[in-house]
Amino acid sequence: ERLAAGEEGRTGYPWIDACMVQLRTEGWLHHLARHAVACFLTRGDLFVHWEAGAAVFDRDLVDADWALNNGNWMWLSCSCFFYQYFRVYGPVSFGKKHDKDGS
């Protein structure tokens with residue numbers, strides 16, 4: 001259910017929801033949006049296993065690359081490579097900083 005909320009853009013966080021709608025409709029996300037979504041889904045709020053999120057990106061991204069995608073998801077979930085677990089992309093503050101006009 002948590003993964004479905006993320007996939008469908010109904011998490012209640014406008015920045016994350018907009019990212020997921022863009023992913024679903026355009027098949028592309030800026031790399032910072034990809035990072036924010038991965039962080040949010042795995043350890044920021046929903047606590048979905050990184051492999052489930054990576055599978056969504058593999059399915060929906062037009063530029064999907066299995067190795068890069070899985071490596072990034074492992075990194076952003078702090079499962080591998082990066083162990084600063086408490087450094088997260090804030091689902092509200094990050095959107096305000098990098099998408100000030102909400103477009």
Side-chain angles (χ1 to χ4, degrees):
E1 170 136 352
R2 292 174 292 166
L3 179 61
E7 281 185 85
E8 297 164 10
R10 53 180 180 81
T11 66
Y13 290 91
W15 164 252
I16 300 297
D17 292 344
C19 290
M20 293 309 291
V21 168
Q22 180 180 348
L23 174 63
R24 196 171 62 250
T25 59
E26 298 178 16
W28 185 84
L29 285 176
H30 186 277
H31 81 276
L32 292 176
R34 295 177 193 207
H35 289 192
V37 167
C39 185
F40 177 81
L41 288 179
T42 59
R43 62 189 171 95
D45 199 54
L46 296 186
F47 297 97
V48 172
H49 194 277
W50 72 265
E51 290 175 322
V56 171
F57 274 35
D58 272 336
R59 181 191 69 211
D60 293 347
L61 284 170
V62 296
D63 64 346
D65 178 292
W66 186 89
L68 291 173
N69 188 41
N70 282 282
N72 281 330
W73 276 86
M74 280 191 284
W75 170 56
L76 290 159
S77 68
C78 288
S79 299
C80 192
F81 313 121
F82 180 71
Y83 297 101
Q84 295 177 339
Y85 184 83
F86 293 105
R87 291 189 67 194
V88 297
Y89 290 82
V92 175
S93 61
F94 193 79
K96 286 182 178 180
K97 180 178 180 181
H98 294 283
D99 188 20
K100 292 179 176 75
D101 62 357
S103 59

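Worth saying up front: this structure is predicted, and the values here are computed from it rather than measured.
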[X] vs [Y] side-chain heavy atoms within contact, under 4.5 Å:
{"X": "Leu23", "Y": "Leu61", "result": "yes"}
{"X": "Met20", "Y": "Val56", "result": "yes"}
{"X": "Glu51", "Y": "Trp73", "result": "no"}
{"X": "Asp58", "Y": "Trp66", "result": "yes"}

Fill in: Residues Arg59, Glu7: salt bridge by 4.0 Å N-O rule
yes

Worksheet item: Can you tell me if Asp60 uses its side chain to pair, donor with acceptor, with the backbone of Gly27 under 3.5 Å?
Response: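 Answer holds: no.
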
Discussion item. Closer than 3.5 angstrom, by distance alone: can the side chain of Gln22 be matched with the main-chain N or O of Trp28 as a donor-acceptor pair?
Written reply: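 Here the side-chain-to-backbone pair exists.
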
Roughly how far apart are [X] [atom1] and [Y] [atom2], rounded to 0.5 Å?
{"X": "Asp17", "Y": "Cys19", "atom1": "CG", "atom2": "SG", "answer": "9.0 Å"}
{"X": "Asp45", "Y": "Phe40", "atom1": "CG", "atom2": "CZ", "answer": "4.0 Å"}
{"X": "His49", "Y": "Leu41", "atom1": "NE2", "atom2": "CG", "answer": "13.0 Å"}
{"X": "Glu8", "Y": "Leu3", "atom1": "CD", "atom2": "CG", "answer": "9.0 Å"}
{"X": "Ile16", "Y": "Thr11", "atom1": "CD1", "atom2": "OG1", "answer": "6.5 Å"}
{"X": "Leu68", "Y": "Arg34", "atom1": "CG", "atom2": "CZ", "answer": "9.5 Å"}

Discussion item. Please evaluate residues Phe57 and Asn72 with respect to the criterion side-chain contact (heavy atoms from CB on, under 4.5 Å), reporting the C-alpha separation (whole Å), side-chain torsions for both, the decisive distance (0.1 Å), and the verdict.
Written reply: CA-CA 11 Å; Phe57 274 35; Asn72 281 330; over 6 Å; no

Locate the shortest heavy-atom distance separating [X] from [Y]; write the atom from each residue and the value.
{"X": "Trp15", "Y": "Ala36", "answer": "NE1-CB, 3.4 Å"}
{"X": "Val62", "Y": "Glu26", "answer": "CG1-O, 4.3 Å"}
{"X": "Arg43", "Y": "Ser77", "answer": "CD-O, 3.7 Å"}

Item to complete: May I ask you to check whether His35 and Trp75 place their ring centres under 6.0 Å from each other?
Response: yes

